[in-house]
Protein chains: 2
Amino acid sequence: MNSRVAAQDPNKPLHQALAEFRRQLRKFLLASENAAFEAGLQPQQHQLLLAVAGAPAGRSPSIAYAADTLGLKHNSAVELVDRCEGEGLLERAEDSEDRRRVCLRITPRGRKLLDRLSHVHLLELNSQGPQLIESLENVLRNQHRQRKRTGRKQLG
Amino acid sequence: MNSRVAAQDPNKPLHQALAEFRRQLRKFLLASENAAFEAGLQPQQHQLLLAVAGAPAGRSPSIAYAADTLGLKHNSAVELVDRCEGEGLLERAEDSEDRRRVCLRITPRGRKLLDRLSHVHLLELNSQGPQLIESLENVLRNQHRQRKRTGRKQLG
DNA sequence: GCACACTATATCGTGTCACGATATACTTTG
DNA sequence: CAAAGTATATCGTGACACGATATAGTGTGC
């Protein structure tokens with residue numbers, strides 16, 4: 001065995017596929033961050049605006065909602081909102097139903113920036129989305145090959 | 001005009017679609033980070049291992065390669081390698097062709113952890129990959145609707 | 001074979017941000 | 001209204017990415 005140079009690591013194809021997928025992911029995320037920077041926002045600020053603007057119809061976008069959506073702890077969300085509010089991107093408003101809650105509302109300025117950013121993202125995804133999908137599908141194709149070696153150890 | 005409660009923001013469908021896509025993305029990224037933590041690694045350490053293990057055949061994985069792949073500056077990559085090396089996940093080796101370069105090599109321990117993580121990621125993507133793709137395609141569908149309002153301002 | 005520009009890696013001080021622990025404000029329940 | 005539960009806020013800490021800078025190796029012209 002040990003055909004030629006290869007056969008070094010039977011998991012290599014999987015690692016390569018996953019690495020390529022992450023590469024595509026990062027490419028998009030980097031483009032997104034750059035777009036945010038160019039608009040004068042921190043990436044996280046953009047994400048918060050998007051989360052608030054994209055909140056499902058019936059749901060009032062609170063701090064807790066933001067934390068959940070962005071995968072942050074409550075306190076981190078509070079701080080992020082502080083920063084956004086400080087730059088006039090959004091504002092805290094009273095929640096009519098529960099006065100413990102804060103209802104986040106995007107300012108005209110924030111909305112304008114977000115609209116522009118969303119447009120940029122649409123274009124970006126339109127152009128590199130297919131590659132992203134392909135790299136993901138390529139990972140999944142790997143799974144089939146995996147099955148026949150489930151349980152085996154790599155040769156030590 | 002102003003039909004019912006809606007019509008508040010003509011960009012809302014786009015924002016919602018993008019927000020949902022980011023939500024899917026974060027779901028995967030969070031799952032990935034958790035998997036890394038459970039293996040005792042920082043997410044970035046996992047990414048570095050994956051990048052090194054998934055390097056294209058001919059390419060020797062240097063610091064610069066790592067920085068480029070992970071979207072980091074050189075110095076940040078150096079620090080990340082320091083941390084990984086400190087935990088015995090990989091080691092610096094001499095590059096035979098260019099002695100300025102460092103050739104990153106995964107240790108047996110690092111490889112074992114990475115193999116396990118890649119397997120977990122494969123399962124994860126197999127189960128939530130389709131949703132990710134769908135949310136992305138849903139964003140792209142939005143683009144068609146966009147065309148007919150290009151250039152118009154939202155009603156003030 | 002040495003001065004030069006160029007590239008790769010390393011070090012250090014700084015700033016941002018997420019976090020845990022904790023505090024405060026409001027709601028609900030009894 | 002007391003107690004328990006939930007939402008938001010504050011503060012100190014730590015991880016990490018960065019810019020600026022330093023060091024080491026490579027290639028070129030002469």
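Every chain is numbered from 1, with letters handed out A, B, ... down the list of sequences. Quick note: numbers below take in every heavy atom, side chains included, and nothing from hydrogens, waters or symmetry partners.
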What side-chain donor-acceptor pairs closer than 3.5 Å can you find for residues 63-74 of chain A, not counting sequence neighbours?
from	atom 1	to	atom 2	distance (Å)
A:Tyr65	OH	A:Ala51	O	3.1
A:Asp68	OD2	B:Arg23	NH2	3.3
A:Thr69	OG1	A:Tyr65	O	2.8
A:Thr69	OG1	B:Arg23	NH1	3.4

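- The CG atom of A:Leu122 lies 12.5 Å from the CG atom of A:Leu117; values are rounded to the nearest 0.5 Å.
- One can place CG of A:Leu70 at 13 Å from P of C:dC17, the figure rounded to the nearest angstrom.
- Sequence order on DNA chain C of the closest nucleotides to A:Glu97 and A:Gly71 puts A:Gly71 first from the 5' end.
- As rounded to whole Å, 15 Å separates atom P of D:dA24 from atom CD of B:Glu94.
- Distance A:Glu87 CD to C:dT16 C1': 13 Å, rounded to the nearest Å.
- Computed from coordinates, the B:Phe37 CZ to C:dC19 C1' distance equals 11 Å when rounded to whole Å.
- Between the CG atom of A:Leu72 and the P atom of C:dG20 there is a distance of 11 Å, given to the nearest Å.
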Using a 4.0 Å heavy-atom cut-off to protein, can you give one letter per nucleotide of nucleotides 6-16 of chain D, 5' to 3': B if the base is in contact, S if only the sugar-phosphate is, - if neither?
BSBBBBB---S
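- Ring-plane geometry between B:Phe28 and B:His121 is classed as perpendicular, the angle between the planes exceeding 60 degrees on a 0 to 90 degree scale with a lower cut at 30.
- Between the NZ atom of B:Lys73 and the C1' atom of C:dA8 there is a distance of 16 Å, rounded to whole Å.
- In this structure B:Ser60 satisfies the side chain to side chain donor-acceptor pair (under 3.5 Å) test together with B:Asp95, sequence neighbours excluded.
- Of the possible polar contacts, one joining the B:Arg109 side chain to the B:Glu87 backbone as a donor-acceptor pair under 3.5 Å is found.
- Going from atom CG of B:Asp68 over to atom P of C:dA8 covers 11 Å, rounded to whole Å.
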Just do the side-chain contact (heavy atoms from CB on, under 4.5 Å) check on A:Leu90 and A:Arg111 with the steps written out, would you?
CA-CA 9 Å; A:Leu90 53 74; A:Arg111 184 162 300 276; over 6 Å; no
